[in-house]
Each structure stands twice: as structure tokens, then as C-alpha cells.
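Just so it is clear, the model here is predicted, and its values are computed rather than measured. Just so we're on the same page: letters track the sequence lines, and every chain starts at 1.
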Amino acid sequence: MYDRIKGFRDFYPGEMAARRATIDVLEGTAREYGFREIGTPAVERAEMWTDKSGDEIVDELYSFEDKSGRHVTLTPELTPTVARMVVAKQQELSKPIKWVSTRPFWRYEQVQQGRYREFYQTNVDIFGSSEPEADAEILAWAADALTGLGLTGEHFEFRVSHRDILGGVLESYDTDVDTEAAIRAVDKSDKISRAEYHDLLIEAGLTADQAAEFDDLIADGDLDEVEAFADTDRVTAAVENLRNVLAAAEDFGAREYCTVSLETARGLDYYTGVVFECFDSAGEVSRSIFGGGRYDDLIEGFGGQPTPAVGVAPGHATLSLLLQRAGVWPDEEVQTDYYVLQIGDTRPEAARIVRELREQGHVVETDIAGRSFGAQLDYADSINAETVVIVGEQDLANDEVTIKDMESGDQTQVPVDDFPGDLERPTFDDLA
RNA sequence: UCCGGGUUGGGGUAGUGGUUAUCCUUCAGCCUUGUGGAGGCUGAGACGCGGGUUCGAUUCUCGCACCCGGACCCA
């Protein structure tokens, strides 16, 4: 026996069916919005990450030198790849560019609940619109996708913020405040005591009074108060933009899932405007389910024309945790339309029936294991066959086959030449 | 990298310093090549690895590996 590599997963049929069902909803919803599917390489140049994040990032990459000496890596995220793709065809792609893709990514990380080394994400991105409607469309897609999976507003919420609000408020203090340290403190505020939180803020350069005041302001999430408190262009613009996005989300049907949460500070460095994270409302999944937001500087950073961008990338692992805890994880039930049972040497006739039924698009199985009558029925039962077609020597001697309804156990004889005949999906009820 | 918990047939478990390691389930076959869901019978299948203590270790002990949580991290 060989071990499975840590952090990688096998999907047995039942699990694969659930994964497939999840992907179908996410992508099907994206298709309704006009997002077009793209395909991307599993391997990219490692420089796409080391240039931006430094060489330490290599520790978290599945990177290696290929046979021609290129330093490459299994891709840990999609964003640099789409950025590269947008830059490469910037002139010929009509805007807004709306792309979707579901695929695995790889990161060499510590494995934990909801986090693997090979993980699947559905990335949904819009390039070329800085309008609030673009941000709102991302929120709306996410909301539609989650409700399409069977979740409701009881199960999830989007905590929405704006990158410039926290920074802008901190900037407005006269004192010399270490903005980054303060934002890190906000990020941790959930996990530490109030006193510790305030201490961290004070270390970042706020006075004790300011720390308390800042805490209240941010915790309340009241945009009017924020605006009144920090009357700077940056904060005013951020607040207005956030309001516009929420107003559009209202019309798009996603507002009810959104909560203004100015503490939502964490996330990728490249976010520039509205940011949001999806959380389990019940708090059972403590980690954020996924995050998204606006990253207007990224394309330019990859050598393209300045191009606004906004996107979201739900990871399927945390999503499945949420779906399971909400009790809406798609459970596969094997469904088989027909089992064609053979007794004696009836293969030619049985095979003809099987092929005709399959041609009509039905799911059809027959004996390929040389089993006895009882064992075949047993098997037909185990695969939830709706109808069993018994092709036995005795039946054929009368030019008949037996049609058995597995749920009721009722059965009837029909002329073998009339089966399946012209009926699209002949069952016991049609033939009795 | 760190912290906590764990490891007995495919899955779930009981148990023990000493004879053939318990039970449930699963799987295969049979009872029953012409009637499944119930039942019965038969069979397959396990003490993570290595060292130590011991006459003897699956059991005690140490180390390691692996698994599950969590911290850090999360581009």
C-alpha cells in the first residue's frame, strides 16, 4: 500500500458527486451572469510569486526546476495568471472582461480543517469596470451561488468594508500612527481581549483615549459616524463608494446578505477598494469561508494599462464545511434506470436491449460478473435500479422478456420484439 | 515550526503482560443460476514502525512515522 500524499485528497464516487454538484451550481450561476470560462496552466514561472513576495514564499510553493532549468511552480492562486492573460490581450478583449474558472491550486501549507495542500477554487473576476455595479455584481453572484447551493441568510453573511476606511481614519489622527500595525491590531481584535487590543493600538501610536474611541467607531460600523469623525477626502470617497456598492447590491438582491464590518481588514495586500469576507452566521466555521474585493492596481503591476478589477474566489473546502453544517451538502443517491438481468446464455438479446436503452439516454447496467439470478437482483437493488428487465431462457422461449418494477416488485411479460419498442422510457406501469 | 489528542481487519469498536484478540458493519460466496430488500451459514481481513524492560509486549516505556484538531501563516 502506498500512502496518499499529505494534504491531497481522494474523491470516491459519493464525494465526487457532491463536489461535481457544488461546482455545477457555482459555474452555472456564473454562466447566468455571462461570465465565460477560462482554462489556465497548472505550472507557472515561480518568479510570478517570488518577484512580488520575496524568496521566502518558495517555502509555501510546490516549486521546482524543470528540465530546461526554468524555475517553475504549481500555481498557488489564479490572480497572477489572469492578470498575465489580461495584460497579454489587453487591446483585443472587450470590456468588461468577465471570467470564471474552477480548478485546483497547490500550496505547501500546514493541513488543517478546511485547508489542504491541493484545493479547489472557483474564481470569478471582472476587469475593466470601476463602477460600483461591478463590485455589486460580484456580491450578487456570490449570494446567488450560495443560495443556489441551498444556503439562506441564516447560514452566511458577507462582511463588507472598504480598504480606505480603516487606513483613512488612522491617517486622520494628528499623531504619528503606524497604520499597518494598527490594522494588524484590528485584524486580531476578534481573538484577543479588549485590553490587549487597546494596548496594541497604543503601541501603534494612538493615545489611550484615541484607542477607545477608534475601537468604538470601527466596531459600530456606522458610516455616518465614520464620515463625521474623519472628514478627509480619502475617507469621504471610500464611504461614498461603499454606499454606492451597497445600493447597487440592494437592487441586485444581495444587500440582505451584507453587513458593514469595518474590522474586515485582513486579506490580500493587493486589494484597493471594497473588500468582503463570507462568514458562517452560526459561527461554527470560525475561519472566513472566502473573501473577495477590488484590486484596481494589480493589472498595472503586471505591466498592463491601468485596469480596474474586482473578484472573488470561494474555496470549495471551507464551502463544503459550511454546506455540511447547514445540512445542505448534496448527498449522492445512485440512480439506475434499468438493470437487464440475464439467465442462461441470453447475452445477444440482453445486449441488444441494453444498447437500445442506452441509445435513448438511459442509465443501464447488465451482468458482467457471471452472477446468479438472486445475486443479480441483489445488485440491481444496490444500484437503485428502477426497472429490471429479465432476459431469461424461459422468457425467450416464449419470445418474451419480463419487466419488473423494483419498488413494488410487480412484473409483467412483454414480447421481446416490442421492447423497448417506441416508448421513450418503458416501465412496468406503461406495459402492464 | 510549535501546542494538544490519537493510531487494533476496508469502516466503527471491545479487550488483555501469557492458549485461537471481541462485537457490529463491509466485502465475497453459499443456502437459492427464475425472484431483491429479511434471515442463516461459510470465508476474507487488524494490534502503525523501531528500540528498551521482560521468560514472554498489541498491552508498560522511549523514539519515530502517520492521522485529527489548533496556533502561526493565509500572497
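- Within 4.0 Å (heavy atoms only), G409(A) reaches at least one base atom of the nucleic acid.
- Spacing of P atoms, rG34(B) relative to rU26(B), comes out at 26 Å, to the nearest Å.
- For rC74(B), its base never sits under 3.5 Å from the side chain of R107(A) at any donor and acceptor pair.
- If you take CE of M406(A) and P of rG37(B), they are 9 Å apart, rounded to a whole angstrom.
- Within 3.5 Å, a donor on the side chain of Q112(A) pairs with an acceptor on the base of rA71(B), or the reverse.
- Using a 3.5 Å distance cut-off with no hydrogens or angles, the side chains of T22(A) and H316(A) do not pair a donor with an acceptor.
- Under 4.0 angstrom from either OP1 or OP2 of rG70(B) there lies at least one side-chain N or O belonging to Q113(A).
- The distance between atom CZ of F8(A) and atom P of rC66(B), rounded to the nearest whole Å, is 15 Å.
- Between rC67(B) and K6(A), a contact under 4.0 Å exists linking OP1 or OP2 to a side-chain N or O.
- For the pair L321(A) CG and rC68(B) P, the interatomic distance rounds to 13 Å; values are reported in whole Å.
- In the set rC73(B), rG34(B), rU35(B), rC73(B) carries the atom at the smallest distance from any side-chain atom of R115(A).
- In this structure, the nucleotide among rA71(B), rC74(B), rU35(B) sitting nearest to the side chain of I390(A) is rU35(B).
- Atom name P, nucleotides rG37(B) and rG69(B): the rounded distance is 38 Å, in whole Å.
- In the interface, the side chain of D395(A) is paired with the base of rG34(B) through a donor and an acceptor atom under 3.5 Å apart.
- When distances are taken from the side chain of D381(A) to each of rG37(B), rC72(B), rC67(B), the shortest belongs to rG37(B).
- If you take atom C1' in rC27(B) and the same atom in rG10(B), they sit 8 Å apart, rounded to whole Å.
- In this structure, of rU33(B), rG36(B), rC73(B), it is rG36(B) that holds the atom nearest to the side chain of L377(A).
- On the C1' atoms, rC2(B) is 13 Å away from rC73(B), given to the nearest whole Å.
- Minimum atom distance to the side chain of S372(A) is reached by rU33(B), of the listed rU33(B), rC73(B), rU35(B).
- Here the P atom of nucleotide rG4(B) and the CD atom of Q110(A) are 16 Å apart, to the nearest Å.
- Remark: C1' of rC31(B) and CG of D378(A) are 13 Å apart, rounded to the nearest angstrom.
- With rU35(B), rG36(B), rA28(B) as the choices, the nucleotide that has an atom nearest any side-chain atom of R371(A) turns out to be rA28(B).
- Atom CD of E277(A) is separated from atom C1' of rC74(B) by 11 Å (rounded to the nearest Å).
- Using a 30° and 60° split on the angle between ring planes, Y257(A) and F156(A) fall in the parallel class, below 30°.
- Salt bridge R425(A)/D337(A): present, at least one basic N to carboxylate O contact under 4.0 Å.
- Here the P atom of nucleotide rC68(B) and the CZ atom of R9(A) are 11 Å apart, to the nearest Å.
- Taking only distance into account, the side chain of Q376(A) never meets the base of rU35(B) through a donor-acceptor pair shorter than 3.5 Å.
- Atom CZ of R358(A) has more than 12 heavy atoms from other residues, nucleotides or ligands within 6.0 Å.
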